[in-house]
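Below: the structure, in structure tokens.
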Amino acid sequence: MPAPAEKLVLEPSRSRVGIICPWWLAFFLATMMSVGGHLLIKSGLNSIDEVSLHGTFSTRLGVDLSQPAVLGGLLIYGLGTFFWMVSLAQQELSFLYPLTSVNYILIVVASALFFHETITLRRCGGVILIVVGVVLMNRVSGSRRR
Amino acid sequence: MNPKQMIWASIALTSLAQVALKHGLMRIQRESNGGLRLLVTMVKEGYIWLWGACFAGGTALWLLGLRHLDLSYAYPLLSFGYVLVAAMAALFFRERIGKRWVAIAVICMGVYLISGS
């Protein structure tokens, strides 16, 4: 399969990263790992029994971190950050950044599906506004420093 | 601190972490000839440590707060971090916000809706 990323590489000196993983695959992995990591963290936190909800800051944090799902989620989230960097090394931030707003939609849909959270109309409207805002952030001209 | 305050504190800390990282990296940029030398310079840079501390504290507060809140409530609030980072970048690095204030205003409205949901 030819790599369509080659045409889009803006800085030839950094194009070597594309050999490891093309930007679109890295971006896809970063998105999946960021969303998946958060879902795993939340599922781990949800499984903590009510008794361990009390105690000091550090003991509660210890309980949180002792959940395998929380640790695993953090790890996957961290790995997602690595793939985000791989993607970022090949594409401009102003192109990639608005695409990350899809995370908000995925998280809200997945929260409703897996954790049966109630998504009110107000919450839905808030997420839509946030997505629009994040997309706008790099569409309207700010300062172009380079 | 109640869970909602923890989430807001976490967002503030991780935003501060971004600004500290940017400032730290700008300071060591002059000496960056890559490899081990760069790594040593990074370890010696105080702002990099500030980034680490803020990042760790922000993550801890995030976990503690998220336990009691909906993920579909807390996660979208993270977008307020962009607003804070933009404000701090304008304040500390004199970066121009320009017309991006429109985007910032839209994000703020979204965050306002979520925070009351």
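Every chain is numbered from 1 and lettered A, B, ... according to where its sequence line falls, protein lines coming before strand lines.
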Original post:
Is there a chain of hydrophobic side chains (I, L, V, M, F, W, Y, each step under 4.5 Å between heavy atoms) that links A:Phe115 to B:Ile7?
Top reply: yes
Subject >> Contacting moiety of A:Tyr104, where chain B heavy atoms sit under 4.5 Å >> reply: both
**OP:** May I ask you to decide if B:Asp70's main-chain N or O and A:Lys42's side chain share a donor-acceptor pair within less than 3.5 Å?
**Re:** no
Subject >> Which atom of A:Arg122 lies closest to which atom of B:Leu113, heavy atoms considered >> reply: NE-O, 2.8 Å
Original post:
For A:Phe114, is it the side chain, the backbone, both or neither that has a heavy atom under 4.5 Å from a heavy atom of chain B?
Top reply: neither
Subject >> Contacting moiety of A:Ser58, where chain B heavy atoms sit under 4.5 Å >> reply: neither
Original post:
Same cluster or not: are B:Val85 and B:Tyr75 linked, directly or through other Ile, Leu, Val, Met, Phe, Trp or Tyr residues, by side-chain heavy atoms under 4.5 angstrom apart?
Top reply: no
**OP:** Would you mind checking which part of B:Ser115 comes under 4.5 Å of any heavy atom in chain A, side chain (CB onward), backbone (N, CA, C, O), both or neither?
**Re:** neither
Original post:
So, for B:Leu71 and A:Ser111, which heavy atoms are closest and what is the spacing to 0.1 Å?
Top reply: CB-OG, 3.5 Å
**OP:** Verify the distance criterion only: is there a donor paired with an acceptor across the side chains of A:Arg123 and B:Ser117 at less than 3.5 Å?
**Re:** yes
**OP:** For A:Leu121, look at atom CG and say whether over 12 heavy atoms of other residues, nucleotides or ligands are found less than 6.0 Å away.
**Re:** no
**OP:** Verify the neighbour count for atom OH of B:Tyr112: are there more than 12 heavy atoms of other residues, nucleotides or ligands below 6.0 Å?
**Re:** no
Original post:
Any chance OH of B:Tyr47 has more than 12 other-residue heavy atoms, nucleotides or ligands included, within less than 6.0 Å?
Top reply: no
Subject >> Region of B:Leu61 in contact with chain A, defined by heavy-atom distances below 4.5 Å >> reply: side chain
Original post:
With a 4.5 Å heavy-atom cut-off, do B:Ile104 and A:Met137 have their side chains touching?
Top reply: yes
Subject >> Side chain B:Arg67, main chain A:Leu45, donor-acceptor under 3.5 Å >> reply: yes
Original post:
To the nearest 0.5 Å, how far apart are OG in A:Ser101 and OH in B:Tyr82?
Top reply: 8.5 Å
Subject >> B:Phe80 portion near chain A, given a 4.5 angstrom heavy-atom threshold >> reply: neither
Original post:
Can you name the nearest heavy-atom pair linking B:Ala103 to A:Gly133, along with the distance?
Top reply: CB-O, 3.4 Å
Subject >> A:Phe28, CZ: over 12 other non-hydrogen atoms inside 6.0 angstrom >> reply: no
Original post:
Considering the options A:Thr120, A:Ile119, A:Thr118, which one meets the side chain to side chain contact (heavy atoms under 4.5 Å, CB included) requirement together with B:Ser72?
Top reply: A:Ile119
Subject >> Options A:Val109, A:Asn103, A:Val135, A:Val131, ranked by heavy-atom pairs under 4.5 Å with chain B, top entry >> reply: A:Asn103
**OP:** Identify the residue among A:Val134, A:Leu136, A:Val132 that makes a side chain to side chain contact (heavy atoms under 4.5 Å, CB included) with B:Ile107.
**Re:** A:Val134
Original post:
With side chains defined as the heavy atoms from C-beta onward, is the minimum distance between A:Leu74 and B:Thr59 less than 4.5 Å?
Top reply: yes
Original post:
Quick one: do A:Leu40 and A:Met32 end up in the same hydrophobic cluster if we chain Ile, Leu, Val, Met, Phe, Trp and Tyr together by side-chain heavy atoms under 4.5 Å apart?
Top reply: yes
Original post:
Would A:Trp84 end up clustered with A:Leu75 when hydrophobic side chains under 4.5 Å apart are linked, directly or stepwise?
Top reply: no
Original post:
Can you tell me how far the CG atom of A:Asp64 sits from the CH2 atom of B:Trp62, to the nearest 0.5 Å?
Top reply: 13.0 Å
Original post:
Should B:Met26 and B:Leu50 be counted in the same cluster of Ile, Leu, Val, Met, Phe, Trp and Tyr side chains packed under 4.5 Å apart?
Top reply: no
**OP:** Write down the atom of B:Pro76, the atom of A:Ile130, and the distance for their closest heavy-atom approach.
**Re:** O-CD1, 3.4 Å
**OP:** Can you tell which part of A:Ile41 gets under 4.5 Å to a heavy atom of chain B, answering side chain, backbone, both or neither?
**Re:** side chain
